[in-house]
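Single-structure report; data block below.
Fair warning: this is a prediction, and the values are worked out from it, not measured in the lab. These values consider heavy atoms only, across backbone and side chains, with no hydrogens, waters or symmetry-generated copies.
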Number of protein chains: 2
Amino acid sequence: MRSAPRGNGAVVTTAAPTPPTTPAAGGRDLPHPGRHEIRLESVLHALADPMRLQVVRELAAVGDELSCSHFDLPVTKSTTTHHFRVLRESGVIRQIYRGTAKMNGLRQEDLDALFPGLLDSVLAAATSQAARLADAGATDA
Amino acid sequence: MRSAPRGNGAVVTTAAPTPPTTPAAGGRDLPHPGRHEIRLESVLHALADPMRLQVVRELAAVGDELSCSHFDLPVTKSTTTHHFRVLRESGVIRQIYRGTAKMNGLRQEDLDALFPGLLDSVLAAATSQAARLADAGATDA
DNA sequence: CGGCTCGTACGATAGCCATCGTAGTACGGC
DNA sequence: GCCGTACTACGATGGCTATCGTACGAGCCG
């Protein structure tokens, strides 16, 4: 880590022009790291937080974009925004404004191209661990 | 994160009794998390640090145990000790005293059993990113 | 237009963590 | 028995970061 240039130096190489699913608010767009700006340590760091890992798991599960407000995290909205920003700036998710909502999508293609298999292993590991912990909890209680 | 029980609750399930390669100093042994004590977030957190990732990469490369002093990290010995402890407490490496030296080995079997493919993807990703960055640097300069 | 909801920005706070330096413990060799 | 080597423990420090609260800007709806 020791990076996260908060000021951002936006590159947005992967600016897939967002096919007009909805008219989209063209005004605001957010700085994303280009595919080759993505650093492994940042990704690992982003995924190392339980809150963020949960978000990523959910995104992977639905395989589609989700609005920020869809997630019911046990933290305030400020903190949620913060986590989403970390995920975006590390290159794990893509965020686009659509009206008042902000849609979040996993950058699966970019991550797979850069770090083949990584995301899948992490997701599988998270799932298996969740099952294991739930099991232990059920057995204990 | 928000975990890392520094106080440790040592379980040492995986205490492979250390085949007598050398007489070994039986006196001191270190607390390791048992296989099922290993938490994904802790592992990711451990691997998210460049210093520690480098250590893990080196361990994987030689596929054998290495003494702490073998590593020539650009930090003081105190810090090195700290990083090795983080790696051990997160369950990524195993440490055994052998005389005055402390040998470090990757817990590949445990990690593979728990999080199949994870370690490999991370290592592959690290290698590919290192190559990519070295390339960019060579091109730039 | 007025208000509502969604999300951001900014400032504050507390805790963690990477780093260092120094002092101390454990082994092995002379 | 002494000393050097290998690592650890403890304390200090600065920076990051997860968290909150409040105040604000942007679209949508009535």
Separation of [N] [atom2] from [X] [atom1] (nearest whole Å):
X     : N      : atom1 : atom2 : value
A:F84 : D:dT19 : CZ    : C1'   : 16 Å
B:Q54 : C:dA18 : CD    : P     : 15 Å
A:L87 : D:dA18 : CG    : P     : 10 Å
A:L30 : C:dC6  : CG    : C1'   : 13 Å
A:L44 : C:dC17 : CG    : P     : 16 Å
B:R85 : C:dA18 : CZ    : P     : 11 Å
A:M51 : D:dT17 : CE    : C1'   : 13 Å
A:R88 : C:dG7  : CZ    : P     : 13 Å

Side-chain N or O of [X] versus OP1/OP2 of [N]: is the shortest distance under 4.0 Å?
X     : N      : answer
A:H82 : C:dG7  : no
A:T81 : C:dG7  : no
A:R52 : D:dA18 : yes
A:H45 : D:dT17 : yes

Side-chain heavy atoms of [X] within contact of [Y], under 4.5 Å:
X     : Y      : value
A:C68 : A:M103 : no
A:T80 : A:M51  : no
B:H32 : B:R88  : yes

### Query
Does one side chain, of A:S78 or A:T81, offer a donor that lies under 3.5 Å from an acceptor on the other?
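No - no donor-acceptor pair under 3.5 Å links their side chains.
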
### side chain to side chain contact (heavy atoms under 4.5 Å, CB included) partner of A:L87, the single match among A:L106, A:V92, A:L59, A:N104
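It is A:V92; the other options fail the test.
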
### Query
With B:L30, which of B:R85, B:E89, B:Q95 fulfils side chain to side chain contact (heavy atoms under 4.5 Å, CB included)?
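That would be B:Q95.
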
### Query
To the side chain of B:Y97, which of C:dA18, D:dC7, C:dG7 is closest?
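Among C:dA18, D:dC7, C:dG7, the one nearest the side chain of B:Y97 is D:dC7.
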
### Query
A:S67 has a side chain; which of D:dA18, C:dG7, D:dA9 sits nearest to it?
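Nucleotide nearest to A:S67's side chain: C:dG7.
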
### Query
In terms of hydrophobic clustering (I, L, V, M, F, W, Y; side-chain heavy atoms under 4.5 Å; direct or indirect links), are B:V75 and B:F71 co-clustered?
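Linked within one cluster.
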
### Message
Is there a continuous path of hydrophobic side-chain contacts, each under 4.5 Å between heavy atoms, that joins B:L111 to A:L53?
### Response
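Shared cluster, yes.
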
### Message
Under 4.0 Å, heavy atom to any atom of DNA chain C: which of residues 69-77 of chain B qualify?
### Response
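Of all residues in residues 69-77 of chain B, the ones placing a heavy atom under 4.0 Å from DNA chain C are B:V75, B:T76.
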
I'd like a table of donor-acceptor pairs (distance under 3.5 Å, sequence neighbours excluded) in which one partner is a side-chain atom from residues 113-125 of chain A, with atom names and distances.
| residue | atom | partner | partner atom | Å |
| --- | --- | --- | --- | --- |
| A:S121 | OG | A:G117 | O | 2.5 |
| A:S121 | OG | B:S121 | OG | 2.8 |

Using atom names, set out every protein N or O paired with an N or O of nucleotides 28-30 of chain D below 3.5 Å, distance rounded to 0.1 Å.
none

